[in-house]
Amino acid sequence: MMDLRTQTELTLWQPGSHRRKGHLESYFLRLNDPGQNLALWLKWTVYAPIGPEDRTVVETWGIFFDGADASRSKGWKEVAPIEGAEFARDRFHVRFGPSVLEEGHTTGLLKGEAGTLTWDLSFTPGEEPLIPFPMPWMYTGKFPKSKTKTPHPASRFSGTFTIDDRTYTVSNVPGMQGHNWGTEHSYLYSWGHCSAFEDHGDDTWFEGFSSRLKIGPWVTPYLSMGFLSLRGERYAFNSVGSLLRSEVESGTTWWNFTIPGRDHSLRGRVQAPKERFLGLHYYNPDGAVRYCLNSKMADGQIELLDRSGAVLATLVSKGTFALENLVHDPSHGVRMVA
């Protein structure tokens, strides 16, 4: 019998299944090394636009973040026909050309204007998977159009990656690995994750998002979910009330939120200087472009509050918070790298 983690990882894309509405599916991972003041983000994407099957491609992405010198931060993207890709259906294994992601291990190669990036990294299973949506039909039905699970919300990474002739070695550093898919990106979103809070271990992490959805001609207010593991005890803020009653402010380089629950509330502030962000072009299957403003070195503060509003716990991250803001406006001012 297939275990829960493998169930969260298996590829949903099937040949010939996307002609009418298209399909997007991504696996991504990121690690932070606070001691070296750096972060690495890797992503494998199936992009199946609406229309003929032969337009489907696979994309391999990478971003290196240098916290000491933002000018050394850089990004890669390679695109190839899907015919050369591999997807295991009975275990977790994805191969796009020379780049492989499987349970607990990844190797790969990217080339481009930014130079050459290679990597060989292993990661631990870590915490149990996070399945954010509370109702099964939200994963099998048409709504929401973008779906997500996190097979590894708090892992530890070890190994090496090399940019041109400089090799970086990481040992037991914090990170995560996620999986999302759907027929389009959310209309607007902010997404955040941290598993490297000061004075806390792997059993303390946060993941959450705020999305605005387009339904016909209407655009919803921000709908939010949040999840906190505090010394191994999980708090989920994913009820209908949490979705509808969240308070959100989001800009180019920041995200503030309060997400209510039945007995607790979650409050967060995440931000980074613009130079800690790099921009990516995200395309929907209909060809519409969005701009993903991506930082894996943001600062954040998460607070757990009781019903009266008293703060029960405060978690602080300095340069280890992942933050992504999806925007429409091309004048955002963030340096685009892919």
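Only a predicted model underlies this, so the values are computations on that prediction, with no experimental measurement involved. Only heavy atoms go into these numbers, but all of them, side chains included; no hydrogens, no water, no symmetry mates.
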Flag, side chain of [X] to backbone of [Y], donor-acceptor distance under 3.5 Å:
X	Y	answer
His152	Gly126	no
Ser295	Met297	yes
Lys296	Ala298	no
Asp286	Ala288	yes
Tyr47	Asn284	yes
Thr162	Thr118	no
Asp306	Gly309	yes
Ser317	Phe197	no
Asn238	Pro132	yes

More than 12 foreign heavy atoms under 6.0 Å from [atom1] of [X]: is that the case here?
X	atom1	result
Trp137	CH2	yes
Glu249	CD	no
Asp165	CG	no
Glu198	CD	yes
Lys111	NZ	no

Stepwise salt bridge (Lys or Arg N to Asp or Glu O under 4.0 Å) test for Glu59 and Lys43: CA-CA 8 Å; Glu59 304 166 342; Lys43 188 169 87 157; 5.9 Å; no
Without placing hydrogens or testing angles, list every side-chain donor-acceptor pair under 3.5 Å for residues 87-94, not counting sequence neighbours.
unit_1 : atom_1 : unit_2 : atom_2 : d
Arg89  : NH1    : Thr11  : O      : 2.9
Arg89  : NH1    : Trp13  : O      : 3.1
Arg89  : NH2    : Trp13  : O      : 2.8
His93  : ND1    : Glu102 : OE1    : 3.0
His93  : NE2    : Glu86  : OE1    : 3.2

Quick test of your reading: applying side chain to side chain donor-acceptor pair (under 3.5 Å), list the pairs with at least one residue in [range], sequence neighbours left out, ordered by first then second residue.
range	result
residues 72-82	Asp66-Arg72, Asp69-Arg72
residues 139-151	Thr150-Glu207
residues 269-279	Arg276-Asp299

Looking at residues at least two apart in the chain, or sitting in another chain, which of them share a side chain to side chain contact (heavy atoms under 4.5 Å, CB included) with Leu230? His200, Thr204, Leu228, Tyr235, Leu304, Ala313, Leu315
Using the six-membered ring wherever Trp is involved, compare the ring planes of His281 and Tyr283 and label them parallel, tilted or perpendicular (cut-offs 30° and 60°). parallel
If you take all heavy atoms of Gly192 and Trp255, which pair is closest and at what distance? N-CZ3, 3.6 Å
Closest heavy-atom contact between Pro81 and Val58? O-CG2, 4.0 Å
Are the side chains of [X] and [Y] in touch, meaning some heavy atoms are under 4.5 Å apart?
X	Y	answer
Ser250	Tyr222	yes
Ile63	Asn294	yes
Thr106	Leu29	yes
Thr252	Val327	no

Donor-acceptor pairs under 3.5 Å, side chain of residues 170-185 to any protein atom, not counting sequence neighbours: which ones?
unit_1 : atom_1 : unit_2 : atom_2 : d
His179 : ND1    : Thr8   : O      : 2.7
His179 : NE2    : Glu25  : OE2    : 2.8

At what distance, to the nearest 0.5 angstrom, does SG of Cys194 lie from CH2 of Trp205? 11.5 Å
